[in-house]
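Because only heavy atoms are used, hydrogens play no part in the values below, and waters and symmetry mates are left out as well, while side chains stay in. Note on naming: letters A, B, ... go to the chains in the order of the sequence lines (proteins, then strands), and numbering restarts at 1 for each one.
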Amino acid sequence: MKKKSGSRKTVNMAYRSMKDTTLLRIFVLPVIILLIIMNVFPLFWSLVLSFSDYSAKRATEWGENPEMIGAVNYSEMLRDPKMWNRFITTAKFVLLSVGLQMILGFGMALLLHQVKFFGKGFLTTLLILPMTMSPVIVGIMWKLFYNANYGMFNMLLGLGKIDWTTDPTFNLYGVVIADVWMWTPFVMLLSIAGLSAVPRYLYEAAEIDRASWWYKFTRITMPMVYPLLLVALIFRTMEAFKIFDIAMGITGRGTTAPQLLSMYLYNVGFVTWKTSYGSALGYIMLIMIIAITSIFIKYLNRARQ
Amino acid sequence: MRKALIWLLAAMLMVSLTIYGAGCKAEEAAEEEIAEEEMEEEAEEEEAAEEEAEEMAMADSITIHWAQWAPADNLEALSAGFTAETGIEVIVEQTPWETFVQKYNVEMIAGSDAWDIIVADSQDVGNMAINGHFVELTDFVQEKGILDSFLPSAMYYYSEYPKGYERYWGVPVEGDALGWAYRMDLFQDPDNMAAFEAEYGYALGVPESWDMLKDIAEFFHDPDNEFYGVAVYGDNGYDSLAMIAEQTIRVYGGDLGNFETFEVDGYLNSEGAVAGIEYYRELYRFVPPGFGDAFYVATNDAFISGIVPMSTNFFAFLPALANPETNPFAGDTGYFTCPPQEGVDGVVRQSAALGGQAGSVVSYISEEKKNAAFAWLEWFAREETQAEWAQLPGSFTCHEAVLNSDEFLNAAPYNPNMKESFELFQDWWAVPQYDEMLRTFSEVVGAYVISGTGTAEDALQEVTDIWTEIFEEDGYYDPDFDPNDF
């Protein structure tokens, strides 16, 4: 009997895999459509709007609202001296907040990893609790702590009547403290995971060679934990640039609030309804975040290699 | 002969039959026509009846959107009377003040029918009217007598847009204005009275001018002993700071601008306006620490905590101070209206910042829902309903007869001051651009008042320039501009 080209088994397998691929596509398609509608389309639509003069509050009338005006929004923004103050304030916040989180988080992780004591697991759980709270609640809670007249923060630290919420000298640091309190456990968790993955025999070998603590830390611990620290750094940097809920809860949205980009974006977009200007600002923030995290990712890839 | 006769008879028969047939047809046609006409009439009547039925058809529930505060709770409780009368359920959905205006603006931009009535801020009436979010109620308020029974100033500020054109968009729900509370025990203390008179040369008492109010704040200000001179708003996230500022601007002889010509130059940057803002900055020196974001909660808290001798707040928030369960000094708390002041031009003026909101019908809801909403507004505007409304703590009527009644005046210790304030109150701009104007004002003037940045003159000139630009760009100064053209 002449053998037919393509055995029945091969045909069935081909049929099954095609069917699987088709099924795969079918199952994934709704999510893709949703992503396009909710993410991709708004991303490109807001890019178009950023080159127009559009206010969502006014009736839409093509040619008038929106009216295409080129890069006017971007140039106005970049020529505004107040905007540069906002960039600097946001950068200050990111450096302070993320820097402190990394130092404190890694430090706490080192302590918890090296020191063994009764109740260590319970303490670790308690330390993670701030991270599990809603950021808005954290902001409101810290606002009460910071109250200049009856707040516990000043009272416990003997700081007198420092206004951590509305005094421009202090309120940025107030937001930093709350953000560090909330997100240090995140860095701590990732660091603990990294420290736990370091093989014990490396330390044992180093001890045999009478290596110092510093040598072990810099030549064994850090290189092994470094990639996870970078991951924590990337996530925290991205989030710090977008900080809104904690800042809003503590300082409100008045002009005494720290001039952070996200707060300004909210005011522009949803208070004065300058939608296109807000879109332009959103894109500038996106470019900034992508640029900075790209640098970190480059180092991360190098570390993995 | 016979044949001819037969033919003649046949012909006559034929003709008769023909005529008869034609007549029948005509009759039939006429009858058909009549029947058709009758059918058409019936159809028209049915259509009219259907339309009337549709017009009268009401939904079985309506949702009112308002800010989250005691008057909204009162409204829900009061509306049980409407439900009992009509069977229509009334739900009052509340949003915290901090996000109230943003929330309903977002919903209206999206053409939402989530709510049937919005009790919106007075300064938003222009925005809502021009963008078609609210149903025009001009005929409604006229036919139902609301225009005659409610205070003209209330209809002007809460409901009319454009101002002076007699087009109305809401029924005043909550009348409100800024007022003051003070510690009578401290003011009447003999030692305080003697010391004050020795220092300032006149007797301590309820402030009779803004200058006197500042003197009293300065006299009582003792931060070393954690006692401060006054509690006034400092929050400039929305309109708190602007409300105080507009009062001081006006009493010193300035203004926010001309509401009919939209001119700002010469009003907001006038000598009187500058004096008013400089006054606010000086008064602000006597507030407790942390008042940079102070709004109604903070000023009440400061008074209740006993750290200030007087505080300002919208009358709707004063029930907390009159209640001994919330204010330990309730028995010693007195109230006063915003005082008059001699301006830089020597003219004495008195003004109170308007608060409060009007209920407006949302355009995007069904006819049944609109009918139910109109029915609610009509019920709410009745004198007996307004009288009941005015008895609830924090709820203030704009119904003239009720306002002038002894029942209202005696219902709460601050009610006489509230009534007096109704005769004085003035509002912010109610144009669609009000939010951008408010934000600009709050940012620039707030920086001076709270942080002492720059000068009052520079701040007001900057705001004047920005507002003028806003109006110019939107065509308000064009010769053919007609604010009523929408």
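Proximity to chain B (any heavy atom under 4.5 Å) is shown, for A:Phe170, by neither the backbone nor the side chain. For A:Asn171, no part lies near chain B; criterion is any non-hydrogen pair under 4.5 Å. Interface remark: A:Tyr150 contributes side-chain atoms only to the contact with chain B (heavy atom separation under 4.5 Å). With a 4.5 angstrom heavy-atom cutoff, B:Glu98 touches chain A only via backbone atoms. Interface remark: B:Ser451 contributes side-chain atoms only to the contact with chain A (heavy atom separation under 4.5 Å). With a threshold of 4.5 angstrom between heavy atoms, B:Tyr228 approaches chain A through side-chain atoms but not through N, CA, C or O.
A pairwise comparison of heavy atoms in A:Trp273 and B:Asn105 identifies CZ2-CB, 3.7 Å as the closest pair. In terms of heavy-atom proximity, B:Arg439 sits nearest to A:Val271 at CD-CG1, 4.0 Å. Smallest separation of non-hydrogen atoms from B:Asn127 and A:Lys57: OD1-CG, 3.5 Å.
Ranking A:Asp167, A:Asn147, A:Thr165, A:Asn267 against chain B, the residue ahead of the rest is A:Asn267, based on heavy-atom pairs under 4.5 Å. Of all the listed residues (B:Ile109, B:Leu438, B:Val106), the one sharing the greatest number of non-hydrogen pairs under 4.5 Å with chain A is B:Ile109. When B:Gln102, B:Gln433, B:Glu436 are compared by the number of non-hydrogen pairs under 4.5 Å with chain A, B:Gln102 comes out ahead. Listed options B:Asp235, B:Asp435, B:Thr440 were ranked by heavy-atom pairs under 4.5 angstrom with chain A; first place goes to B:Asp435.
Atom CE of A:Met133 has more than 12 neighbouring heavy atoms from other residues, nucleotides or ligands inside a 6.0 Å radius. Dense packing is recorded around OH of B:Tyr477, with more than 12 heavy atoms of other residues, nucleotides or ligands lying under 6.0 Å away. The number of heavy-atom neighbours closer than 6.0 Å to CZ of B:Phe100, taken from other residues, nucleotides and ligands shown, is above 12. Within 6.0 Å of the CD atom in B:Glu278, the count of heavy atoms belonging to other residues, nucleotides or ligands exceeds 12. Within a 6.0 Å sphere centred on OH of A:Tyr283, heavy atoms belonging to other residues, nucleotides or ligands number more than 12. Within 6.0 Å of the OH atom in A:Tyr266, the count of heavy atoms belonging to other residues, nucleotides or ligands exceeds 12.
One finds the CG atom of A:Asp53 at 7.5 Å from the CD atom of B:Glu473 (value rounded to the nearest 0.5 Å). We find the CZ-CG distance between A:Arg58 and B:Asp474 to be 6.0 Å, quoted to the nearest 0.5 Å. Rounding to the nearest 0.5 angstrom, the gap separating the CD1 atom in A:Ile250 from the CG atom in B:Asp293 is 11.5 Å.
Not a single donor-acceptor pair under 3.5 Å links the side chain of A:Lys161 to the backbone N or O of B:Glu226. Between the A:Asn149 side chain and the B:Pro289 main chain, a donor and an acceptor come within less than 3.5 Å of each other.
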